[in-house]
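Notes for the one structure printed next.
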Amino acid sequence: MKKANCMRRSIIPTAALWVAVAVAVLASPAAAQYEYIDINKPFLRKIPMAIQECVPLNDQPIVQENLLQTTQQLTDMLNFTGYFQMLDREAFLVDPLKPAVKAADINFANWTTIGAELLITGGMAKSGEMIDLEFRLFDTFSGKQLVGKRYNGKMTDLRSIIRRFCTEVVLQLTGNRGVFGSKIAFVSTGSGSKELYLCDFDGFNPEKFTAHKSISIFPAWSSDGKWLAYTTYANNKPDIFIRQVNGNGRVVIDKKGTNMTPAWAPGRFELAASLSVSGDQEIYLLTGKGKIIKRITRNWAADLSPTWSPDGKKIAFVSSRSGSPQIYVQELDSGRVERVTFEGNYNTQPKWSPVGNRIVYTGTTFETGLSDIFLIDMEDLEPVRLTGDAGNNESPDWSPDGSLIVFSSTREGPSRLYVMTTYGTDQRRLLSLPGEQSNPGWSPDLSNY
Amino acid sequence: MMRKKQWIFLALVLIVPAMLFTVSCQKQTVKTEEPMAEPAAEEPAAVEEKEEAVEVTSDASLAADEAALMAARNMFLNEHIYFAFDKYNLDDVAQEVLMRKADFLRAMADIYITIEGHCDERGTNEYNLALGDRRAESAKSFLVDMGIEAYRISTVSYGEERPLCTEQTEECWAKNRRDQFVIN
């Protein structure tokens, strides 16, 4: 798989280069071997995509509403990635009575004329509660079918079927499974106390995960997606609970003092967390069963909010050792520590990209108390602000493919969850729920588990 | 008997200074009560009332103790100490309040307490939780230095999770940056 090397700090020339490469790639017969979307710079130019309205697969009658629903869900899910510019269906040059779905029948000129570079066609049949679905992805310039899939299941499986096809599309175009198989854990006050909830990657199907009737915060997914660690006052003081997501497994870390900000190590059943058992907040490495393996920080100041580098060799964390909260990186083997934030006097909530050497964090302005999301590259340590002039923006976390960032914001009054690309573009609300939402934690890809 | 002596001491240490602060309020109350006392003096049935009054006085000394206890207890529970933004050091006022808390804890040798550390809403939950921990711990250290047994004092941080005041003003934020004291 060819991956264009990320040319940092030269966005414009790189973009121009990328467009040229993309055109060449699209025109080449071996297109499918190359990536259509450079996952390092995916949002500089959105790929124009046309999604034709789903057609009936056979002569069995099917209500128009089901076809429209399927088309719309497919469009919304792919749109969520931020990779595509969805073309208006009104502009399509197709015969509504004879829409073509297979390469042999499609007049690709109709699609290239309106600017579409990618085309998806779909068909659907419904018999009682059972459905059959067929989806195809085409490169409109080469006329080649890039993905073709047939699914059957129950009508209630519609969303998960569409999710699977979207995963195929994004896998084909980026070489990465994308976000469709992930979930987001978050805190909501809807029930009157802070409880943890889970929802699909796009905010659908929110469900309550805890019922402590207390304060439950800071959800963290294990890297296999099977466990959630969080801080809760269920026993009247801040302890870390570790719970199996689908099962009854449960571990409690209830050392004396404040037990908080758990963060799972990549690929291991181990976690880093901040405990004040020694008298002040220090970061420890613990087993998934809650046993201390070793102490990582040793400093008079508060050390908290650990987050792992993707190779598991370093952690970034917050420390007040300079007098104000700043972000530091520590190499676990050598113990070498480097400060990475220098601008502003209140930088907290670091989250290391699951796919790269970048950290997203919250920078707060002392005087106003207003917070914004920043992204910092470990190579140059130049922070880039991703949010601004829109309330308090806090608690960023990465999608498992590193392409999107979920965060909380008070831009519409109460704290709610929003999603944006790693360029700060396409900022939109994730979901609507009673109460206030905060502390989102994005899961790994769960679709294999 | 020890207890009683301690109570008198406590009353002197805690209640008297507290009354000094509330003098201006009390003056007004006295004035409104004066006219009420006059018709009572004209009441003819004085004998029966005297008998009752005797009983009342013996109850009253107990009640006074009880009231002193309640007052000292309420003061302990309701008098918070306050911090500057992102700080956990104890200023002069906080130290004075803590000295009164130490007196109370010395007098009440059998009670255990929890110090809750709180923060204002600015900044982020995680850091505020750590900051609240430090605020509670610095008050505990002070009390231990004053001779209070460490095992009698627990601490818990609530970070920014339990504000007393929810407006977004400095006045309100200042009220939230506090240690609160709870008797277990």
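Reminder, nothing fancy here: chain letters follow the sequence lines and each chain counts from 1. As the structure is a prediction and not an experimental result, all values here were calculated from the model.
- Proximity to chain B (any heavy atom under 4.5 Å) is shown, for A/Leu370, by neither the backbone nor the side chain.
- Of the listed residues (A/Thr258, A/Thr364, A/Asn392), the one with the most heavy-atom contacts under 4.5 Å to chain B is A/Thr258.
- Atom CG of B/Asn184 sits in a crowded spot, with more than 12 heavy atoms from other residues, nucleotides or ligands closer than 6.0 Å.
- Heavy-atom minimum distance, B/Tyr158 versus A/Asn236: OH-O, 3.9 Å.
- Under the side-chain contact (heavy atoms from CB on, under 4.5 Å) test applied with B/Glu126, the options A/Ser274, A/Pro325, A/Ser305 reduce to a single match, A/Ser305.
- Scanning both residues, A/Gly257 and B/Asp133, for their nearest heavy atoms gives C-OD2, 4.4 Å.
- B/Asn125 touches chain A through backbone and side chain together, each having a heavy atom under 4.5 Å away.
- The ring pair (Phe, Tyr, Trp, His ring centres under 6.0 Å) check on A/Tyr284 picks up nothing, with sequence neighbours excluded.
- Atom CZ of residue B/Arg134 and atom OG of residue A/Ser320 lie 5.0 Å apart, to the nearest 0.5 angstrom.
- Residue with the most contacts toward chain A among B/Thr114, B/Leu131, B/Leu129, B/Asp120: B/Leu129 (heavy-atom pairs, distance under 4.5 Å).
- Interface summary for chain B: among A/Ala301, A/Gly279, A/Ser371, A/Ser324, the most heavy-atom pairs under 4.5 angstrom belong to A/Ala301.
- Interface remark: B/Thr155 contributes no atoms to any contact with chain A (heavy atom separation under 4.5 Å).
- Here the OG atom belonging to A/Ser193 is positioned 11.5 Å from the CD atom belonging to B/Glu161, to the nearest 0.5 angstrom.
- Once rounded to the nearest 0.5 Å, the distance linking OG of B/Ser157 with NZ of A/Lys237 reads 11.0 Å.
- Here OH of B/Tyr88 is found 8.0 Å from CG of A/Asp280. Values are rounded to the nearest 0.5 Å.
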For a quick test of your reading: what N or O donor-acceptor pairs under 3.5 Å do the side chains of residues 139-151 of chain B make, sequence neighbours left out?
from     : atom 1 : to       : atom 2 : distance (Å)
B/Lys140 : NZ     : B/Ile153 : O      : 3.1
B/Ser141 : OG     : B/Glu137 : O      : 3.0
B/Glu149 : OE1    : B/Arg152 : NH1    : 2.9

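- The contact between B/Phe85 and chain A is made entirely by side chain atoms (from C-beta outward), counting heavy-atom distances below 4.5 Å.
- Summarising the local packing, CG of B/Asp92 is surrounded by 12 or fewer heavy atoms from other residues, nucleotides or ligands at distances under 6.0 Å.
- Of the N and O atoms on the side chains of A/Thr362 and B/Thr124, not one donor lies less than 3.5 Å from an acceptor on the other residue.
- More than 12 heavy atoms of other residues, nucleotides or ligands shown are found within 6.0 angstrom of NZ on A/Lys208.
- Minimum heavy-atom separation, A/Glu394 to B/Gly123: OE2-O, 3.5 Å.
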